[in-house]
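Throughout, a chain's letter reflects where its sequence line sits, starting with A, and its residues are numbered from 1.
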Amino acid sequence: MIQRPRGTRDFGPEEMEVRRHFEDMMRQESVLHGFREISTPIFEHTELFTLKSGPGVVEEIYAFQDKGGREICLRPELTASVMRFFVSDLATLPRPLKMFYFGQCFRYERPQAGRYREFFQFGAEIVGNPTPETDAEAIGLAAAILERTGLKDYRIRVGHIGILREMLANAGVTGDKALPILQKLDKKIYPEAEELMAQAGIETKVAQDIIGTTKVTGPISVLDSREGPASDYIRQVCDILLAMGFGNVSVDLGVVRGLAYYTGMVFEVDAPKLGAEKQICGGGSYSLSELFGGEKVFSTGFAIGFDRTLLALQTEGVPFVKRSITAFVVPVGDSVRTKAFEIASTLRRSGISADVDLMRRGVGKSLKYAATVPSRYAVIVGEKELESNSVTLRDMSSGEQTLVKMNDLVEKLKV
RNA sequence: GCCGGGAUGGGGUAGCCUGGUUAUCCUUGGGGACUGUGGAUCCCCGGACGCGCGUUCAAAUCGCGCUCUCGGCCCCA
C-alpha cells in the first residue's frame, strides 16, 4: 500500500461538497464587494520568495531545480505571486485594483493540528494608495466572509506598525535599526527587546512604555488617551468598520510584524477553539511591488486559512447540507434499459440532476440505492408504463406514486 | 529540528505485556431470499495486522530502521 505524502490530505465526495460550498461562498462574497478573481501558477521561481522573505525561507519551502536547472519552488503563499503578476501585467489597470484568489500552497514544515504541508488559502488584495477606507474595505471583506460562513467564535484584532515605529523614532531609533527590536516585540520576547533598546540608547522608562504599548488590547476606546497619526488612523478604520456593521473588532497594539514591507495597519483573526494553530486570517497594508521591480505602490491584503476556517466551523458544529440528486431512473427488466438512459439524458438536458441504474439490478435493489444516494424521486420505467407513453414517478420521502406522461415529466421535476 | 501518543478489512475496534488454531466484534460493499417497489430481517461472498530487516521451529505480538498519523515545542512569509 502506498501512503500519501506527509502533511497532505485526500478529500472524499462528502468533504469536497463541503469544501466547494464554502469556497463558492467566499468567492461570491468577494464579488459582492467588487473584487475580481485572479489565478497564478502553483510553482514560481524561488527568488520571488527569497526576495520577499529572505534567503532563510528556502529551508521551509518545497524548492528544487527543474530539468532545465531553474531554481523553482511550490508557492508557500499567494501575495508574492499576486504582486509579481501586478508588476508585470496589471499595473495599468484602474485603481484601486481589487483582486481575490483561492488556491493551495505548500510549506515544508512539521504537520500538526491545523497545519499541513499542502494547505489552501483564500485571500484578497487592494492595490492603491493607503487610506483608512482601503484598510477598512479589506478587513470588511474578511469579516463579511467569516460572518457569512456562520462562524461565531472569532476575534478580529487590529493594530498599526506605525505606533511602535513612532515611539522608537521619538526615542531616536529609526528605519532599519528599529526592525530587530520590532521582531523581538512581535514574538513577545521582552528581555531581549529591552536589551536591544538599551543598546540603542533608549531610556529604561521609555523602553517600558514601548513594551507596555504592545500589551494594549481591547475596544477602540483604549486608544482614547493616545495621540499621533497612527492612533488616529486606526480610529478611522474602526469607525468605518463599525458603520459597516462589524462590531467584533478590537484593537491590539501587540500585532506587530517584524518585516520591513509592512507599512501600517495590520490585523489578525483567530478562532480560540482551535488548538495551537488558531489564527485563521492575517493581513495588513504593505509595500512589495518595488521589490519585484515595479513602481512603489501601497497595498492592503489578507489571507484566510481555508482549512483552519473549516476546522473551526466543524468544532462549532455548523451544519452542512448534504447534496442529493433529483431523479433516479429505474428500468424494470432488460428490455427498457436503453430507454432509461434516454429518459435520464432528457432530464439532464433540462438541467435536472438524474442518475440511472448501471448495475443491472432489480427494482427493489435499485430503489434501495436511490433511497441511500439519496434521490428525491425515482422514475420507474417499465413496459407497462411505456404502453401509455408514461413512467411511474415515486416520491422517495412519502412513497407516493403517480403515473406521469413522458411529456410532463420534466415539468413535474422542475419544481 | 525537538518531545510524547498511535497505525489491525472502506470506517470504528479486541488481541500485543506473557510469540503458537481458521485473528474478534460492530459497520460498510457485492449477491441472494424477493425475475415490478426502498432504509427491516435472514443467508452467502469479498476485504486487514503501515513498510523493511532481524531474532525464532514459529512474529500482529519481541528488537532495529523507515514511512505515515495525532497532540505539543520551535517556526509561521
Side-chain angles (χ1 to χ4, degrees), chain A residues 1-10 12-14 44 46 48-61 73 75-83 105-117 119 121 123 183 186-187 189 255-262 266 268 270 274-284 286 288 291 301-303 305 308 311 328 330-336 357-386 391-401 403:
Chain A
M1 187 177 60
I2 311 235
Q3 290 174 321
R4 94 178 77 82
R6 184 176 180 76
T8 62
R9 290 156 298 160
D10 298 309
E14 302 234 332
E44 294 271 6
T46 306
L48 179 67
F49 301 101
T50 53
L51 271 176
K52 174 170 181 263
S53 310
V57 285
V58 175
E59 297 305 313
E60 295 156 54
I61 63 183
C73 71
R75 63 186 181 194
E77 49 137 339
L78 287 158
T79 304
S81 299
V82 171
M83 292 317 290
C105 301
F106 306 82
R107 293 185 189 179
Y108 193 83
E109 294 181 301
R110 191 174 178 95
Q112 62 187 71
R115 179 190 275 184
Y116 307 96
R117 287 186 168 181
F119 60 98
Q121 274 195 349
Q183 280 166 6
D186 182 26
K187 291 174 189 168
I189 312 173
V255 182
V256 182
R257 302 271 158 82
L259 286 157
Y261 54 82
Y262 282 102
V266 283
E268 291 179 353
D270 43 47
L274 297 179
E277 304 290 317
K278 63 184 191 320
Q279 189 183 328
I280 56 173
C281 176
Y286 60 90
L288 267 180
L291 264 183
F302 67 86
R308 287 182 194 176
L311 281 174
F328 188 83
V330 180
V332 182
D334 292 337
S335 59
V336 294
D357 173 53
L358 305 176
M359 302 272 287
R360 301 197 165 177
R361 280 194 272 232
V363 177
K365 279 274 157 71
S366 280
L367 287 173
K368 182 177 171 179
Y369 178 77
T372 321
V373 173
S375 177
R376 278 192 65 199
Y377 294 96
V379 175
I380 302 168
V381 187
E383 291 179 10
K384 208 166 69 189
E385 286 89 349
L386 289 177
V391 292
T392 297
L393 184 64
R394 180 185 178 89
D395 184 314
M396 294 304 285
S397 52
S398 68
E400 196 182 318
Q401 294 195 169
L403 197 64

*Asks:* Calculate the interatomic distance between A/Leu393 atom CG and B/G38 atom P; express it in whole Å.
*Replies:* 17 Å

*Asks:* On a whole-Å scale, what distance lies between the P atoms belonging to B/A60 and B/A48?
*Replies:* 14 Å

*Asks:* Could you tell me how far B/C43 sits from B/C34 if I compare only their C1' atoms? Round to whole Å.
*Replies:* 13 Å

*Asks:* Would you call A/Arg308 and A/Glu277 a salt bridge, taking side-chain N to carboxylate O under 4.0 Å as the test?
*Replies:* yes

*Asks:* Would you mind classifying the nucleic acid contact of A/Ala370 as base, sugar-phosphate or nothing, using non-hydrogen atoms under 4.0 angstrom?
*Replies:* nothing

*Asks:* Heavy atoms only, 4.0 Å cut-off, all strands: where does A/Gly7 land among base, sugar-phosphate and nothing?
*Replies:* sugar-phosphate

*Asks:* Go ahead and name the base partner of B/C51; Watson-Crick or wobble counts if both distances stay under 3.5 Å, otherwise write none.
*Replies:* B/G65

*Asks:* Taking atom P in both B/G9 and B/G65, what distance in whole Å separates the two?
*Replies:* 25 Å

*Asks:* Can you tell me how far P in B/U69 sits from the matching atom in B/U27, rounded to whole Å?
*Replies:* 31 Å

*Asks:* Do you know which two heavy atoms are closest between A/Phe119 and A/Arg107, and how far apart they sit?
*Replies:* CZ-NE, 3.5 Å

*Asks:* Whether the side chain of A/Arg117 engages the backbone of A/Glu109 through a donor-acceptor N/O pair (distance < 3.5 Å, no angle test) should be reported.
*Replies:* yes

*Asks:* Assert yes or no for the condition that the ring centre distance of A/Phe328 to A/Tyr369 is strictly below 6.0 Å.
*Replies:* yes

*Asks:* Side chain of A/Arg107, heavy atoms from C-beta onward: which of B/C70, B/C76, B/G72 has the nearest atom to it?
*Replies:* B/C76

*Asks:* Got a salt bridge between A/Arg4 and A/Asp10, using NZ or NE/NH1/NH2 to carboxylate O under 4.0 Å?
*Replies:* yes

*Asks:* Can you tell me how far C1' in B/C17 sits from the matching atom in B/G11, rounded to whole Å?
*Replies:* 28 Å

*Asks:* To the nearest Å, give me how far apart CG (A/Leu274) and P (B/G71) are.
*Replies:* 11 Å

*Asks:* If the C1' atom of B/C62 is compared with that of B/A58, how far apart are they to the nearest Å?
*Replies:* 13 Å

*Asks:* Which of these nucleotides, B/A77, B/C68, B/C73, is closest to any side-chain atom of A/Arg6?
*Replies:* B/C68

*Asks:* Applying the Watson-Crick and G-U wobble criteria at under 3.5 Å, what pairs with B/U37? Answer none if nothing qualifies.
*Replies:* none

*Asks:* For B/U22 versus B/U18, give the span between their C1' atoms, rounded off to a whole number of Å.
*Replies:* 23 Å

*Asks:* I need the OH-P distance between A/Tyr116 and B/U69, as an integer number of Å.
*Replies:* 10 Å

*Asks:* Between A/Gln121 and A/Glu77, is there a side-chain donor-acceptor contact under 3.5 Å, judged purely by atom types and distance?
*Replies:* no

*Asks:* Once you apply a heavy-atom cut-off of 4.0 Å, does A/Phe49 come out as touching a base, just sugar-phosphate, or nothing?
*Replies:* nothing

*Asks:* Rounded to whole angstroms, how far apart are CG on A/Asp270 and P on B/C76?
*Replies:* 17 Å

*Asks:* Could you check whether any side-chain N or O of A/Glu60 sits under 3.5 Å from a backbone N or O of A/Val57, counting only pairs where one atom can act as donor and the other as acceptor?
*Replies:* no

*Asks:* With a 3.5 Å cut-off and heavy atoms only, can you find an N or O donor on one side and an acceptor on the other between the side chain of A/Arg110 and the base of B/C73?
*Replies:* no

*Asks:* Do A/Thr392 and A/Gln401 have a side chain donor and acceptor closer than 3.5 Å?
*Replies:* no

*Asks:* Which residue, A/Glu77 or A/Thr8, contacts RNA chain B at a nucleotide closer to its 5' end, judged by nearest heavy atom?
*Replies:* A/Thr8

*Asks:* Reckon A/Gly54 touches a base, only the sugar-phosphate, or nothing at all at heavy-atom distances under 4.0 Å?
*Replies:* nothing

*Asks:* When you measure from the side chain of A/Lys187, which nucleotide among B/A77, B/C73, B/C75 comes out closest?
*Replies:* B/C75

*Asks:* Validate the cation-pi geometry between A/Arg9 and A/Tyr116: distance from NZ or CZ to the six-membered ring centre under 6.0 Å, angle to the ring axis within 45°.
*Replies:* yes

*Asks:* Do any N or O atoms of the protein come closer than 3.5 Å to N or O atoms of nucleotides 27-31 of chain B, and which pairs are they?
*Replies:*
from  : atom 1 : to       : atom 2 : distance (Å)
B/G30 : OP1    : A/Arg361 : NH1    : 3.3
B/G31 : OP2    : A/Arg361 : NH1    : 3.3

*Asks:* Measure NZ/A/Lys368 against C1'/B/A33 and give the value in whole Å, please.
*Replies:* 13 Å

*Asks:* Is it true that atom NZ of A/Lys278 has more than 12 heavy atoms of other residues, nucleotides or ligands lying nearer than 6.0 Å?
*Replies:* no

*Asks:* May I ask you to decide if A/Thr50's main-chain N or O and A/Ser53's side chain share a donor-acceptor pair within less than 3.5 Å?
*Replies:* no

*Asks:* Quantified in whole Å, what is the P atom distance between nucleotide B/G50 and nucleotide B/C42?
*Replies:* 32 Å

*Asks:* Name the pairing partner of B/G9, where a pair is Watson-Crick or G-U wobble with both distances under 3.5 Å, or state none.
*Replies:* none

*Asks:* With A/Arg361 as reference, evaluate A/Asp357, A/Val363, A/Leu358 under the side-chain contact (heavy atoms from CB on, under 4.5 Å) test and give the passing residue.
*Replies:* A/Asp357

*Asks:* How close or far is atom P of B/C68 from atom CD of A/Gln112, stated in whole angstroms?
*Replies:* 16 Å

*Asks:* What integer distance in Å separates A/Arg9:CZ from B/C68:P?
*Replies:* 16 Å

*Asks:* Both distances under 3.5 Å, Watson-Crick or G-U wobble: report the partner of B/A77, or none.
*Replies:* none

*Asks:* Report, one pair per line, the protein and nucleotides 34-37 of chain B atoms (nitrogen or oxygen only) whose separation is under 3.5 Å.
*Replies:*
from  : atom 1 : to       : atom 2 : distance (Å)
B/G36 : O6     : A/Lys384 : N      : 3.2
B/G36 : N1     : A/Glu385 : OE1    : 3.0
B/G36 : N1     : A/Glu385 : OE2    : 3.3
B/G36 : N2     : A/Glu385 : OE2    : 2.5
B/U37 : O2     : A/Arg394 : NH1    : 2.8
B/U37 : O2     : A/Gln401 : OE1    : 2.7
B/U37 : N3     : A/Gln401 : OE1    : 2.8
B/U37 : N3     : A/Gln401 : NE2    : 3.3

*Asks:* Students often get this wrong, so: under 4.0 angstrom with heavy atoms, is A/Glu109 touching a base, only sugar-phosphate, or nothing?
*Replies:* base

*Asks:* For B/C57, what is the paired nucleotide under Watson-Crick or G-U wobble rules, both distances under 3.5 Å?
*Replies:* B/G20

*Asks:* Of the nucleotides B/A77, B/C70, B/G39, which has the atom closest to the A/Ala371 side chain?
*Replies:* B/G39

*Asks:* Closest-nucleotide mapping onto RNA chain B: is A/Gly114 or A/Ile189 further toward the 5' terminus? I mean the 5' end.
*Replies:* A/Gly114

*Asks:* Without decimals, in angstroms, what is the distance between A/Arg4 CZ and B/A7 C1'?
*Replies:* 12 Å

